[in-house]
Structure formats: structure tokens, C-alpha cells
2 protein chains.
Amino acid sequence: MAGRILRADILRVAIELLDRGGLPALVMRRIAAELDVQQSALYWHFRNKQELLAALADQIIDAVAAPTSTGWPSRLEELCGNLRAELLEHKDGADLVATAFAFRLGAGEAIRRFEGELDRAGLSTQEAQTAASVLLHYVLGYTTNEQQHRQAADLGALDPQSMPHDRTPFGTEDFLRGVRLVVRGIGPAAADG
Amino acid sequence: MAGRILRADILRVAIELLDRGGLPALVMRRIAAELDVQQSALYWHFRNKQELLAALADQIIDAVAAPTSTGWPSRLEELCGNLRAELLEHKDGADLVATAFAFRLGAGEAIRRFEGELDRAGLSTQEAQTAASVLLHYVLGYTTNEQQHRQAADLGALDPQSMPHDRTPFGTEDFLRGVRLVVRGIGPAAADG
DNA sequence: ACCTGAACACCGTTCAAGT
DNA sequence: ACCTGAACACCGTTCAAGT
């Protein structure tokens, strides 16, 4: 009662478990059980769990929609918004990608997307790297907080002290204010798009 | 062969273990052993491990030196630098504080420090919150990456592809470029300090 | 109030052995 | 090449019982 499995099968099941129960549900034993396989079988396809998480992060990043606007400031805003939206699609998605990014394993593609947009803006390589770093850390950090807050509220763990009228400080508009602040800081060094 | 312990004892031992072995060494069993106490004794002083980590994060944040410069842009740069420096003092310090911040338990004091500086700059409350959020996420994210990279290099896990001449993109100067980028974005909305 | 003793319910990872 | 079976070495947390 077994069956051969593929890397892609593992990743598909992992995403399903993540979407359903977040990072706490993403355990090797459950992935294996879902595939009717021994847990040790997973270690033939991935060196360890961290590598699996990195592949998952890459997959999420690849699904981020490309910006369609013209003009680098709008394109940058759009890319940030699209990244946040994709992270929010998966439970604990921001936390997962932020962790993988910190471990320098996955999410390397994300920073290249940002740098690509900043090249178009006419920044030097160094300036583009700096701006990409600031933007990416903001999007990942903000969205991690936002998602954690949302999921805590969903579980009824609401702190009445910090949210008096159910108005949280989070949301698309609040998020975009941060993005625009950074874009303003880029402006002086960039050519007009 | 026991002894009564205090919250402060637990925190002191926890910091020692953190400094020596990072987050992987920060396990309840080792804290208890170091204090000659059963692990369950810790749960009288802290509801769970997460609460302990939050208290640890608060303690680290409280140790961040206050800026001494005059003029809000310099003061802001200095505060960011001091925060990074303090995080680097403890192994996995940035990761610990970033996680506690994401869980909204500790590190609430950190954002108040930033907002305080931005009030002096003459920003509105909303603008101050936005700028504080961007700066804090950048410092925590950047320093987490930097520290992870350092510690991986210390263990000899260096990737020769990504660091061809042992010149890493990390360092105080590189860090400050990001801070200055954000400060430039704040400028247009702030009064002169 | 504060701690012991002992258990519960989990984890990720390894490795000889099979096919 | 790809998986089984079984173990190893850990974790955080709970809870009756002691003092």
C-alpha cells in the first residue's frame, strides 16, 4: 500500500495543508500520510524540511502577478500590492516567505523582481539593491504582522484594549502609505519613467 | 536540591543561553536545568514559551541606546543604528525580536521609540505611524538577514557562488543606505529639525 | 504561593534493509 | 532509484500532588 511520488506531489500536498492549517499543520508526518507514504520517503526528495519550505516559498513568489501599469512609481506600488495579495492567499504565507528569505534559501526571485523594476527607473545597481531591500523587508514584515493579527482575530483572541472599535490599523490603504513613503525616498535618485 | 527562583533568574539564564547558542539553545529544559529546577516550575512564572520570548525581546529593546544627535534625521539614523547594534549583541537577536514583534506580544516599546522621534519631526500621527512601521520592519528584516548570514559563515557554510571575493553586501554602510532612503521619503512631510 | 514528578502528545531526521 | 520499518533524540505543555 504505497506508490511512487514526485517532488510536485509533495509540494502540492504541502500547499494544501498550509492553506488549511497554516505552518503548524505543515508537518512531515502529515504530508507523508496524505500521500500514503512513510515519512522517511520525503527525505529522498528533499534534504530536509527547510529545503521544502524554500521550494514552497519560491512557488508562492512565482505566482505573484506582474505589474501592468506604466511609469516606475505605479509599477512599484503595484508589485508591492500584488506580493502582499499573494502572501495573504496562503495561511501564514507571509511568515513562510519571510523565514525562507531570511535563511537565504528561497525567495531570491522576489528581490530580483524588485531590482528589475528599479533598473527601469534608472537607478544605479547599488541604489536599486538598497531600494529593493527596503521595499521587500517592508512588504514581508507588514504582511506578516497583518496576517498574524487577522488569524488571531479569527480565533477570537481579540484584545479589546488595542482595537476599541474594531478598527485595526491594517489594510490596503495603510499598507500603501508605507510603500509610497519609500517610493518618495527613491524619487530624487531616479529618472522620470 | 531545588530552590526558589524568580522571573529575573529565568530571564538572565535565558539570555545567557541565547548568547551562547542562539535560539536553538533556548529550550525550556536547559533553562530549568541551569537553575536546578524542574521544567514545569518555569510554567508558574510564564504562561508559555512565547511569553518568555516576548519578555526577552522587551529586555533587549530596553537596552537600545537613545540617540544623542540633534536634528531629527540624524537622530533617526542613530536610533536605527543603535537598534541594529543591540540586536547584533545577542546571537539570533534580530530573529527573536522580529518574531516577538510579529506576534504582537513584545517589542511594542520599539515602535514607540520610533514614533517619539517622528513626533519631534513634526509629522502627523498617521505619518509618524507609517514611517515608524517602515523603519522598524527594515531594521528588523535587514539585521535578521545579516545575522543569519554571519552565523552561517561562521559555521563554514559559505556559498562560494554568492560571495566570490568574501565581500558580502552586508555592513553598517550598506545598512545605513537603506535608512537614509527612508529618511529622504519622510523629509517632504516633516518640518526642519 | 511555588515547586516536584511523571507523564502526554507531539516533532524532524537517520539508516539499514528491501525492491 | 526509490521506498519501508523502526528507531533515535529531541521538543513544549499539563497536572495531580506535595510543601
Side-chain angles (χ1 to χ4, degrees), chain A residues 1-18 20-57 91-92 95-96 99-100 102-103 105-106 148 152 155 157, chain B residues 1-18 20-57 91-92 95-96 99-100 102-103 105-106 148 152 155 157:
Chain A
M1 197 57 56
R4 46 199 49 208
I5 54 172
L6 303 170
R7 239 182 103 96
D9 295 323
I10 298 177
L11 291 174
R12 177 179 44 77
V13 167
I15 286 276
E16 287 171 11
L17 290 176
L18 182 73
R20 209 173 303 143
L23 281 175
L26 204 58
V27 286
M28 303 301 269
R29 278 168 160 84
R30 288 198 56 183
I31 299 175
E34 214 84 13
L35 290 164
D36 258 308
V37 141
Q38 292 285 91
Q39 354 170 172
S40 49
L42 303 176
Y43 289 85
W44 195 89
H45 298 274
F46 293 95
R47 194 196 299 273
N48 49 39
K49 189 183 182 182
Q50 210 173 109
E51 210 177 64
L52 199 165
L53 294 180
L56 238 42
K91 201 168 293 185
D92 287 339
D95 195 358
L96 167 64
T99 301
F103 274 65
L105 289 172
Q148 219 99 45
L155 292 180
Chain B
M1 196 56 57
R4 45 197 50 208
I5 55 173
L6 302 170
R7 238 182 104 97
D9 294 323
I10 298 178
L11 291 175
R12 177 178 44 77
V13 167
I15 286 276
E16 287 171 10
L17 290 176
L18 182 72
R20 208 173 302 143
L23 282 175
L26 205 58
V27 286
M28 304 301 268
R29 279 168 161 83
R30 289 198 54 184
I31 300 174
E34 214 85 13
L35 290 166
D36 259 308
V37 141
Q38 293 286 89
Q39 355 170 173
S40 50
L42 303 176
Y43 288 85
W44 195 91
H45 298 274
F46 294 94
R47 194 195 298 274
N48 50 39
K49 189 183 182 181
Q50 209 173 111
E51 211 177 64
L52 199 164
L53 293 180
L56 238 43
K91 199 167 294 184
D92 286 341
D95 195 356
L96 167 64
T99 302
F103 274 66
L105 288 171
Q148 219 101 43
L155 292 181

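In what follows, every chain begins at residue 1, and chains take the letters A, B, ... in the order their sequences are listed.
Applying the salt bridge (Lys or Arg N to Asp or Glu O under 4.0 Å) rule to B/R20 yields no partners; only residues at least two apart in sequence or on another chain are considered. For A/Q38, the side-chain contact (heavy atoms from CB on, under 4.5 Å) partners at least two apart in sequence or on another chain are A/S40.
To the nearest 0.5 Å, the span separating CZ on A/R4 from CG on A/L35 amounts to 14.0 Å. Rounded to the nearest 0.5 Å, atoms CG (B/D95) and CG (B/L23) are 5.5 Å apart.
Rounded to whole Å, atom P of D/dC2 lies 9 Å from atom CG of A/L6. If you take CD of B/Q50 and P of D/dG12, they are 13 Å apart, rounded to a whole angstrom. Between the CZ atom of A/R4 and the C1' atom of D/dC2 there is a distance of 6 Å, rounded to whole Å. Rounded to an integer number of Å, the gap from CZ of A/F46 to P of D/dC2 is 13 Å.
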Exercise. Could you encode protein contacts along nucleotides 14-19 of chain C as a string, one character per nucleotide from 5' to 3', using B for base contact, S for sugar-phosphate-only contact and - for no contact, with a heavy-atom cut-off of under 4.0 Å?
Key: BB----
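Contact detail for B/A57 and B/A100: the closest heavy-atom pair is CB-CB, 3.6 Å. Across A/V27 and A/P24, no two heavy atoms sit closer than the pair CG1-O, 3.9 Å. The two residues B/H45 and B/R7 make their nearest non-hydrogen contact at O-NH1, 3.7 Å.
Residue A/H45 places at least one side-chain N or O under 4.0 Å from the OP1 or OP2 atom of D/dC3.
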Quiz prompt | B/L26 vs B/L56, side-chain contact (heavy atoms from CB on, under 4.5 Å): CA-CA, chis, key distance, verdict | solution = CA-CA 11 Å; B/L26 205 58; B/L56 238 43; 3.7 Å; yes
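With contacts defined as side-chain heavy-atom distances shorter than 4.5 Å, the pair A/I31/A/L52 qualifies.
Consecutive Watson-Crick or G-U pairs involving DNA chain D, each under 3.5 Å on both distances, make up stems of three or more pairs at C:4-8 with D:12-16, C:12-16 with D:4-8.
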Every protein N/O lying under 3.5 Å from an N/O of nucleotides 9-11 of chain C:
unit_1	atom_1	unit_2	atom_2	d
C/dC11	N4	A/R29	NH2	3.1

Pair up each side-chain donor or acceptor in residues 9-18 of chain B with any protein partner under 3.5 Å, not counting sequence neighbours, and list the distances.
unit_1	atom_1	unit_2	atom_2	d
B/D9	OD1	B/R12	NH2	3.3
B/D9	OD2	B/L6	N	2.9

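D/dA9 sits 22 Å from C/dC10 when the P atoms are compared, rounded to a whole Å.
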